[in-house]
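A short write-up of the structure that comes next.
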Amino acid sequence: MNPIAIIGAGPAGLACAMKIKENGIDVNVFEEHEDIGEPEHCSGLISKKGLEELGVLPGKSLQNEIKGARIYSPSGQYIEVKRKETVAFVVNRKEFDQMLLRRARLLNIHVATQTKLIDVRNNTLFVQAGGRGELRKSDYVIGADGVNSTVRHLMGIQVPKENYVHTMQTTLTGEFNDKIVEVHLGEFAKGFFGWVIPISKEKAKVGIGTTLGEDVNLRFREFVKKRFPNSRIRKADSALIPCGPPLQGIAKNNLAIVGDAAFQTKATTGGGIIFGMKAGNVLGEIIAQVAKGKANISEYEKQLDSINKELRLHWKLRRFLNGLKDKEIDDLIIKLKQKGIEEFLEKEGDMDEPSKFIGKLARNPKYFFLAGTLLKFLTS
Ligand SMILES: Cc1cc2nc3c(=O)[nH]c(=O)nc-3n(C[C@H](O)[C@H](O)[C@H](O)COP(=O)(O)OP(=O)(O)OC[C@H]3O[C@@H](n4cnc5c(N)ncnc54)[C@H](O)[C@@H]3O)c2cc1C
């Protein structure tokens, strides 16, 4: 049997590769870039609990530990949810991916860099390696090739352009609360939000996302100027985030997709590292069984049930937020604060799994004023 091919050496691809190899099946990873983890776009905010569930430590990639979040309305009202203990890590994404790469190499997984997938026909891959076209053989090809996935395209899966968010991000120097991330809601960031993720008291990753077609560059500069009038943007990166429901039909014949390629990102925040790696583990386990003739590739989607349930809730929350005008967000934040949402979320909140608290919120008499909205939202 030919080794399994994974396209993309990001967190989802490397997690999947390691799971396959741990099951005794040969796997090769193909990565178009020379350096793993580059170009770096990500803010690197990941839940401590999610990482623990994956059995991964942030190690040298750790930049900061976060204890809470402030969610701002357009007029500057906010709710603050804070815990005594660390709830999330900020990691350097290049270091994080490099750490996963070292783990993969320890398992003797071959990662071919500067090798870009162009096409797949049956069990033949057409790749561009070091500027030359070459052929590779593989019985199964896994697309962990990110938001603009070639494998997804080859599978004929279309995604509406409204389900992408365009982001701009920079690293600012200034004065920051190093334990709290900021989320800024409002029509200025149509379809998403603005964020401040501190790396230290002096540095933060600051960015904004909007639906495609908005002038994200202008919105980003206006946001930075308003929030940090004394800071200067030296360099800003632009990138896309998948922001829609998790895709269906993601395993066909000898092809499957995982991570950003399959829209396994939280549509509320754009975070995709934890769910991408969890889905990578699921797919790795299934593909290894498929290779041994003990399972069918269609099992992959069935095994994603619990992950997809959470991702769909994130998407419903995103759609709900996207439907609110500035004044409605202001009113909602003020009312939620009056009703003690900060204490509720401090106790019950979960940044990855909304199912852990949405039901409790709906059943709490204090939040019955949200009943109509929640019902509409949960049954949509
Ligand atoms: C501005 C921004 C901020 C973010 N902040 C966070 C955050 O705070 N927390 C969080 O959890 N997530 C965040 N994300 C999302 C996170 O970066 C992604 O969800 C995550 O990187 C997805 O991992 P992946 O392995 O699926 O894909 P990727 O990390 O994108 O890896 C895909 C890999 O495939 C390679 N590739 C693509 N096409 C080919 C090809 N044809 N041949 C060979 N190789 C190919 C790419 O070079 C890349 O290395 C953010 C994203 C952006 C844009």
Side-chain angles (χ1 to χ4, degrees), residues 5-17 28-47 50-51 54 63-64 66 88-94 96-98 100-101 111-120 125-129 136 141-154 164-171 181 183 192-197 205-209 216 220 236-243 257-280 283 311 351-352:
I6 298 203
I7 315 304
L14 291 172
C16 186
N28 289 327
V29 181
F30 301 104
E31 166 57 50
E32 65 174 322
H33 289 110
E34 186 176 2
D35 266 337
I36 304 299
E38 281 197 349
E40 195 192 335
H41 300 300
C42 182
S43 315
L45 183 73
I46 38 185
S47 73
L51 214 53
L54 285 161
Q63 293 182 308
N64 196 11
I66 298 295
F89 298 125
V90 183
V91 299
N92 174 310
R93 258 305 293 280
K94 181 167 179 187
F96 184 80
D97 289 16
Q98 293 267 343
L100 296 177
L101 175 71
V111 180
T113 55
Q114 290 182 285
T115 307
K116 178 178 177 152
L117 177 85
I118 306 294
D119 201 355
V120 182
L125 282 70
F126 298 81
V127 298
Q128 214 174 57
R136 301 278 192 280
V141 180
I142 291 171
D145 47 352
V147 61
N148 295 314
S149 171
T150 301
V151 179
R152 183 178 72 228
H153 177 72
L154 292 173
Y164 292 94
V165 159
H166 192 177
T167 65
M168 293 284 293
Q169 180 176 258
T170 188
T171 301
V181 301
V183 171
F192 214 55
F193 59 92
W195 65 86
V196 179
I197 298 181
K205 302 178 199 186
V206 178
I208 184 181
V216 67
F220 167 65
D237 296 311
S238 145
L240 292 181
I241 292 185
C243 189
I257 49 175
V258 68
D260 273 19
F263 276 57
Q264 288 157 346
T265 37
K266 299 184 283 183
T268 47
T269 64
I273 300 171
I274 297 291
F275 279 101
M277 290 181 73
K278 285 186 173 175
L283 179 56
L311 291 174
M351 66 187 269
D352 289 333

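Counting starts at 1 for both ligands and their atoms, in listed order.
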Self-check item: Pick from R93, K116, H41: the one approaching atom 16 (C) of ligand 1 most closely through a non-hydrogen atom
Solution: R93
Quiz item: When you measure from the side chain of T265 to the backbone N and O of A267, does any donor-acceptor pair fall under 3.5 Å?
Solution: no
Quiz item: With backbone taken as N, CA, C and O and side chain as the heavy atoms from C-beta onward, which portion of I273 lies under 4.0 Å from ligand 1: side chain, backbone, both, or neither?
Solution: both
Quiz item: Would G207 count as a contact of ligand 1 if the rule is a heavy atom under 4.0 Å away?
Solution: no
Quiz prompt | Student check: side-chain heavy atoms of P39 and H33 closer than 4.5 Å | solution = yes
Quiz item: Which atoms of ligand 1 sit under 4.0 Å from any heavy atom of T150?
Solution: 41 (N)
Quiz item: Could you give the distance from CG (L117) to CG (L125), rounded to the nearest 0.5 Å?
Solution: 5.5 Å
Self-check item: Numbered atoms and elements of ligand 1 in range of A144, under 4.0 angstrom, heavy atoms
Solution: 32 (C), 33 (C), 34 (O)
Quiz prompt | For G270, atoms of ligand 1 separated by under 4.0 Å from a heavy atom | solution = 12 (N), 13 (C), 14 (N), 15 (C)
Quiz item: Hey, does A261 come in under 3.5 Å of ligand 1, counting only N/O atoms on both sides?
Solution: no
Practice problem: Decide side-chain hydrogen bond (donor to acceptor under 3.5 Å, both in side chains) for Q169 and S43; before the verdict, give the C-alpha distance in whole Å, the side-chain angles of both, and the deciding distance to 0.1 Å. | Solution: CA-CA 8 Å; Q169 180 176 258; S43 315; 2.6 Å; yes
Exercise. State whether the side chain of E32 and the backbone N or O of K116 hold a donor-acceptor pair below 3.5 Å, judged by distance alone.
Key: no
Practice problem: Could you list which atoms of ligand 1 come closer than 4.0 Å to a heavy atom of A239? | Solution: 53 (C)
Quiz item: Tell me, which protein residue and heavy-atom name are nearest atom 34 (O) of ligand 1, and how many Å apart are they?
Solution: G8 CA, 3.1 Å
Quiz item: Less than 3.5 Å between some nitrogen or oxygen of T167 and one of ligand 1, yes or no?
Solution: no
Exercise. Check whether any side-chain N or O of E31 sits under 3.5 Å from a backbone N or O of I36 as a donor-acceptor pair, and report yes or no.
Key: no
Exercise. Would you mind telling me if ligand 1 is within reach of the side chain of T265, the backbone, both or neither, using heavy atoms under 4.0 Å?
Key: side chain
Self-check item: Contacting atoms of ligand 1, where contact means under 4.0 angstrom from a heavy atom of G259
Solution: 26 (O)
Practice problem: For D145 and T150, indicate whether the former's side chain and the latter's backbone hold a donor-acceptor pair under 3.5 Å. | Solution: yes
Quiz item: For atom 25 (O) of ligand 1, which protein heavy atom lies nearest, and how many Å away is it?
Solution: A12 N, 3.0 Å
Quiz item: Mind checking whether Y164 and F263 have side chains closer than 4.5 Å, heavy atoms only?
Solution: yes
Quiz item: Picking from D260, I257, L154, V258, what satisfies side-chain contact (heavy atoms from CB on, under 4.5 Å) with S149?
Solution: I257
Exercise. Using a strict 4.0 Å threshold on nitrogen-to-oxygen distance, state whether K94 and D35 make a salt bridge.
Key: yes
Self-check item: Residue and atom name of the nearest protein heavy atom (relative to atom 39 (C) of ligand 1), distance in Å to one decimal
Solution: E32 OE2, 3.6 Å
Quiz item: Is the shortest heavy-atom distance from the side chain of E40 to the side chain of D97 under 4.5 Å?
Solution: no
Exercise. Would you mind running through ligand 1 and noting each atom that sits below 4.0 Å from a heavy atom of F30?
Key: 43 (C), 44 (N)
Quiz item: What part of D97, side chain, backbone, both or neither, has a heavy atom within less than 4.0 angstrom of ligand 1?
Solution: neither
Quiz prompt | Heteroatom proximity flag, L240 to ligand 1, N/O under 3.5 Å | solution = no
Self-check item: Which residue and heavy atom of the protein sit nearest atom 41 (N) of ligand 1, plus the separation
Solution: L117 O, 3.1 Å
Quiz item: Is G276 in contact with ligand 1, taking contact as a heavy-atom separation below 4.0 Å?
Solution: no
Practice problem: Please identify which atoms of ligand 1 are closer than 4.0 Å to at least one heavy atom of G146. | Solution: 27 (O), 30 (O), 32 (C)
Quiz item: With atoms numbered from 1 as shown, which atoms in ligand 1 lie under 4.0 angstrom from a non-hydrogen atom of S43?
Solution: 3 (C), 4 (C), 5 (N), 6 (C), 8 (O)
Exercise. Run down the list S149, G10, C42 and name the one with the heavy atom closest to atom 6 (C) of ligand 1.
Key: C42
Exercise. Show your reasoning for whether side-chain hydrogen bond (donor to acceptor under 3.5 Å, both in side chains) applies to T167 and H41.
Key: CA-CA 9 Å; T167 65; H41 300 300; over 6 Å; no
Practice problem: Ignoring angles and geometry beyond distance, decide whether W195 reaches within less than 3.5 Å of ligand 1 through its nitrogen or oxygen atoms. | Solution: no
Exercise. Answer yes or no: does an N/O atom from G271 fall short of 3.5 Å to an N/O atom of ligand 1?
Key: no
Quiz item: Does ligand 1 have any atom sitting under 4.0 Å from a heavy atom of V147?
Solution: no
Quiz prompt | Protein heavy-atom partner closest to atom 19 (O) of ligand 1 - residue, atom, separation in Å | solution = D260 OD1, 2.6 Å
Quiz prompt | Shortest protein contact, atom 48 (C) of ligand 1 (heavy atom only) | solution = E31 OE1, 3.5 Å
Practice problem: Would you kindly specify which portion of H33 sits under 4.0 Å from ligand 1, judged on non-hydrogen atoms: side chain, backbone, both or neither? | Solution: side chain
Exercise. Please confirm whether the backbone N or O of E38 pairs with a side-chain atom of R93, one donor and one acceptor, at under 3.5 Å?
Key: no
Quiz item: Looking at atom 9 (N) of ligand 1, what's its closest protein heavy atom, distance included?
Solution: L45 O, 2.8 Å
Quiz item: Between G259 and A12, which heavy-atom pair has the shortest distance, and what is it?
Solution: CA-CB, 3.8 Å
Practice problem: Find the distance between CE (M351) and OG1 (T269) and round it off to the nearest 0.5 Å. | Solution: 6.5 Å
Quiz item: Nearest 0.5 Å, what's the OG1-CD1 distance between T170 and I208?
Solution: 13.0 Å
Quiz item: Who's the nearest protein heavy-atom neighbour of atom 12 (N) of ligand 1, and how far?
Solution: G272 N, 3.0 Å
Quiz item: Distance-only, no hydrogens or angles: does the K205 side chain make a donor-acceptor pair with backbone N or O of L45 under 3.5 Å?
Solution: no
Quiz item: Given that the side chain starts at C-beta and the backbone is N, CA, C, O, which of these parts of I7 lies under 4.0 Å from ligand 1, counting heavy atoms, or is it both or neither?
Solution: side chain
Quiz item: Atom CD of Q63 and atom CD1 of I197: how far apart are they, to the nearest 0.5 Å?
Solution: 10.5 Å
Exercise. Ignoring angles and geometry beyond distance, decide whether A9 reaches within less than 3.5 Å of ligand 1 through its nitrogen or oxygen atoms.
Key: no
